[in-house]
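Worksheet: one structure, shown below.
Being a predicted model, the structure only gives us computed values, none of them experimental. When a ligand or atom number is given, it counts from 1 through the structure's own listing order. Sequence positions, counted from 1, serve as the residue numbers for this chain.
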Amino acid sequence: MKSGIKKVLAIGAHPDDVEFSMGGTVKMLTESGCEVMILDITDGEPTPHGSPEIRKSESQKAAKILNVQRKTLEFDNRFLMDEIHIRKSIAGEIRLFKPDVIFAHYPMDAHPDHLAASSLSMAARFYGKLSYIDLPGERYFTPRIFYFFSVHLRISPQPDFCLDISPAIETKIQALLCYESQFHELSRKLSAETNEQKEDMVRSFITTQNRYWGNRIGTAFAEPFFSPEIIGFANLKGLIL
Ligand SMILES: [Zn+2]
């Protein structure tokens, strides 16, 4: 029996997906001494107010705040598909990093990139253990894969577990505030014009969502996760009563 998480790989379709859905969890993990790498499959561009340079500098800033390594692959934003060469590229990263847990996109979403990223991550986890394949490193199978919740669908499915992120909510907000180029649409909808109004908008957006999940488990803030497999515990020390 193996337990204790030392390395985590969080795979997002776009820079900001991981921060948005599990930024608090990432902070909680790094605070507890865990090594976390965020792997973006695309650079997230083009977007109406971003550019590859702007997005890169925003995502590097966010990574610094969360104290994680970040790698951004160069596959096509908006047109991401579950293709063999992309599976292999991600599997190569998995074999080199050897995470204990992979976090991937929830497999139901309106955004086709998120759907592709979800199935790419699952396939890459499996490809990691294949022999006779042109991948770097040694054969490696990541013991666990969980889904984070970053969907463009108006749904609230029942999570398999929620992590209390109350001590990390402020860091999560600060990491998301780095992605200024991505706020324009929401700013327009909510008529947020000044920097202060924009910060309030992001803060309220994040706290509302994470307060909802926190309320489900009796904490101030939480992030929801889903597991395609049965989860095993060595003990129940961390269980919130
Ligand atoms: Zn995304």
Side-chain angles (χ1 to χ4, degrees), residues 8-27 36-63 65-66 68-83 86-87 89-90 93 102-124 145-157 159 165 172-189 198 201-202 205-206 208-210 213 223-226:
V8 163
L9 181 66
I11 307 173
H14 316 109
D16 77 6
D17 286 333
V18 170
E19 287 90 336
F20 174 75
S21 52
M22 56 174 292
T25 298
V26 167
K27 172 68 177 168
V36 179
M37 183 196 273
I38 296 177
L39 181 68
D40 313 306
I41 306 177
T42 78
D43 69 359
E45 289 301 318
T47 56
H49 301 277
S51 72
E53 297 72 30
I54 292 173
R55 200 69 177 269
K56 187 173 181 190
S57 113
E58 291 175 343
S59 66
Q60 291 295 349
K61 258 200 320 202
I65 288 174
L66 292 173
V68 297
Q69 303 171 55
R70 164 164 248 135
K71 189 157 186 183
T72 303
L73 304 177
E74 292 181 346
F75 295 107
D76 278 352
N77 177 43
R78 307 185 297 179
F79 308 118
L80 191 64
M81 300 277 283
D82 181 358
E83 293 173 317
I86 309 179
R87 289 181 178 184
S89 172
I90 299 169
E93 300 297 337
I102 291 171
F103 284 89
H105 279 271
Y106 187 68
M108 197 195 294
D109 202 312
H111 198 316
D113 284 1
H114 290 190
L115 283 176
S118 185
S119 57
L120 281 164
S121 304
M122 183 62 92
I145 185 163
F146 296 133
Y147 297 127
F148 55 72
F149 194 57
S150 165
V151 307
H152 290 241
L153 281 175
R154 291 165 184 167
I155 53 172
S156 279
I165 59 150
K172 173 175 184 170
I173 292 166
Q174 292 308 319
L176 278 157
L177 283 170
C178 297
Y179 291 95
E180 220 206 317
S181 70
Q182 302 304 303
F183 300 157
H184 293 263
E185 204 180 321
L186 193 60
S187 300
R188 195 171 39 78
K189 261 193 216 163
K198 283 181 191 168
M201 175 193 76
V202 172
F205 190 65
I206 296 302
T208 302
Q209 300 219 16
N210 292 136
W213 297 112
E223 287 169 339
F225 295 97
F226 304 82

- request: Specify which N/O/S atom of His14 comes nearest to the Zn ion (ligand 1), by atom name.
  value: ND1
Presence of N, O or S from His114 under 2.8 Å of the Zn ion (ligand 1): yes
query: From Asp17, does some N, O or S atom reach closer than 2.8 Å to the Zn ion (ligand 1)?
result: yes
task: In plain terms, say whether Arg70 and Asp40 are close enough for a salt bridge, that is, a side-chain N and a carboxylate O under 4.0 Å apart.
output: yes
query: Is the number of heavy atoms from other residues, nucleotides or ligands under 6.0 Å of Glu83 CD greater than 12?
result: yes
message: I want to know whether Phe148 and His105 have ring centres closer than 6.0 Å.
response: yes
- prompt: Out of curiosity, Leu120 CG to His114 NE2, how far, rounded to the nearest 0.5 Å?
  reply: 12.5 Å
